[in-house]
> 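The structure's right below; bear with me while I get my questions together.
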Amino acid sequence: GAARIMHFDPASVIASAPHQNTDAVSVSIKVRSIADRKGIPYVIVPSTSKPGASTGFSITVISNRPMQLKQVASSASIT
């Protein structure tokens, strides 16, 4: 199928971690509910310090309400 293109406003980035040549990087954030964001979901974009490199990724979520994680198709392109 055709690649899905997701557009984002750089001003909407709520957290980032600098690319470092280390074994692990961590970021902790507190976010508002999707209802508060008028239905706009949060998008998590893992990356590495080496272009084209691939590695494991994990996320831990602590929530006081039910929540759902969904994977975006690997063919998606973020611009």
> Between Tyr42 and Val61, is there a shared hydrophobic cluster once you connect ILVMFWY residues whose side-chain heavy atoms come closer than 4.5 Å?
no
> Hey, what do you get for CD1 (Ile44) to CD1 (Ile59), rounding to the nearest 0.5 Å?
3.0 Å
> What heavy-atom pair brings Val27 and Ala15 nearest, and what distance separates the two atoms?
CG1-CB, 3.7 Å
> So with a 6.0 Å cut-off around CD1 of Ile62, is the heavy-atom count from everything else above 12?
no
